[in-house]
Every structure is written in C-alpha cells, then in structure tokens.
Amino acid sequence: MKRKALFPGAFDPFTIGHEAIVRRGLALFDEIVIAIGINLDKKTLFSLEERIKALETLYADEKRISITSYSTLTLDFAIQSGVNFILRGLRNTIDFEYEKSMADIHRKLAGIETVFLFSEPEYASISSTLVRDFIFHKKDISTFIPVKK
Ligand code: ADP
C-alpha cells in the first residue's frame, strides 16, 4: 500500500517551519499532497494564486509532492483525495487541543490517522502570523521563507 498523506493548511505564507514538516514527512510517506484550505470567512494576505505558485516553484523537482487547494471540510477533502494519513506539525500546547479534536474526527469519521511531527526547536516560534506581522511593519522576511535548492 502506498502511503499518501495530506498536509493541509492556510500557508499564508508557507514558511521554513512548514517546509521542515514536509521534508520530514517525505521520510515517512511515499506521497504528500500539500493542500491550501480556502476559508472564505478569513481574509488572507497572499492570494490563493500566489500561494499555489510559491509552492509549485518550491517543489517543482519533487515528484512525490503535489500542490492543490480545497474549499470543503478537510475531512471531505481527505476522503476525496484518497489519502491514508493527514500530516500536521505541532509547535506548542496551544496547537495541541485543537489538533487533538480534529484528529479524533478524522479518525472516527473517515478512518484516517493524523501523524504529528513535533516542530524542531529552531522552527517552533515561526508562524505565518509572525511573517505577516513582519511584512506589515516592512521588515525583511526572507529568512522565514523557503527557497528552492
Ligand atoms: P492551519 O490554519 O491549518 O493551522 P497553517 O498554515 O497555520 O494552517 O499550518 C499548517 C500546519 O503546519 C499545521 O499543522 C501547523 O501546526 C503546522 N505548522 C505551522 N508552522 C509550523 C512550524 N513552525 N513548525 C511546525 N509546524 C508548523
């Protein structure tokens, strides 16, 4: 059986913290689908097109990664994509409670297990929110944004 994981998120923007989770996920899964969840109630700084483009460029040479977006529940999108796992990163205890309830729902209603990777210490304080704050205050964000190798 191929091990296929969904890595869902807003990725507004995709940071080196997200990239580290994907890199470690590639050691566990045959394929990773990075999926941008569209939440019409939430305004994003980067448009969907910008976020997709950035990811497509970053992973252009990585055949085991695909990029997509969805506007349904993550539950329904995971079933529809035929993944057997959901990949999520955990930074701190604030992430924990929410992630636990989502993982319970995905296991119970779709039989899909969520695999959590603890953030490496150097990435634990990096978030899309922090990057957006830096942009707002006209600070350089290049150290937080992954570059294609
Ligand atoms: P969401 O709105 O679904 O939380 P995010 O784009 O904020 O979307 O995050 C997507 C996933 O990446 C989540 O599992 C989140 O915990 C994880 N993540 C975000 N930043 C980091 C980081 N610095 N280290 C590890 N995991 C992270």
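Position 1 is the first residue of the sequence; numbering continues from there. Ligands are counted one by one from 1 in listed order, and the atoms in each one are counted from 1 as well. What you see is a predicted model, and the numbers here were worked out from it, not measured in a lab.
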Minimum heavy-atom distance F14-I145, with the two atoms named: O-CD1, 3.8 Å
Mode of F7 contact toward ligand 1 - side chain, backbone, both, neither (heavy atoms, under 4.0 Å): side chain
Ligand 1 atoms in contact with S119 (distance to a heavy atom under 4.0 Å): 24 (N), 25 (C)
Per-atom contacts, ligand 1 versus P8 - under 4.0 Å to a heavy atom: 10 (C)
Protein heavy atom at shortest distance from atom 6 (O) of ligand 1: F11 N, 3.0 Å
Under 3.5 Å: N/O of I126 near N/O of ligand 1: yes
Ligand 1 atoms in contact with I21 (distance to a heavy atom under 4.0 Å): 25 (C), 26 (N)
Side-chain donor or acceptor of R132 paired with backbone N/O of F46 under 3.5 Å: no
Identity of the nearest option to atom 21 (C) of ligand 1, non-hydrogen atoms only, from R91, R88, E122, K42: R91
Rounded distance (nearest 0.5 Å) linking atom OG1 of T44 with atom CD1 of I38: 9.5 Å
Spacing of E99 atom CD and T93 atom OG1 [to the nearest 0.5 Å]: 12.5 Å
Option with minimal heavy-atom separation from atom 14 (O) of ligand 1, where the choices are G89, A10, G37: G89
Smallest separation among heavy atoms of R91 and S127, with atom names: NH1-CB, 3.3 Å
Nitrogen or oxygen of H18 less than 3.5 angstrom from that of ligand 1: yes
D95 neighbourhood, listing ligand 1 atoms whose heavy-atom distance to it stays under 4.0 Å: 16 (O)
Polar side-chain atom of D30 near backbone of R3 as donor-acceptor pair, under 3.5 Å: yes
Distance-minimising heavy-atom pair for P8 and I86: CD-CG2, 3.9 Å
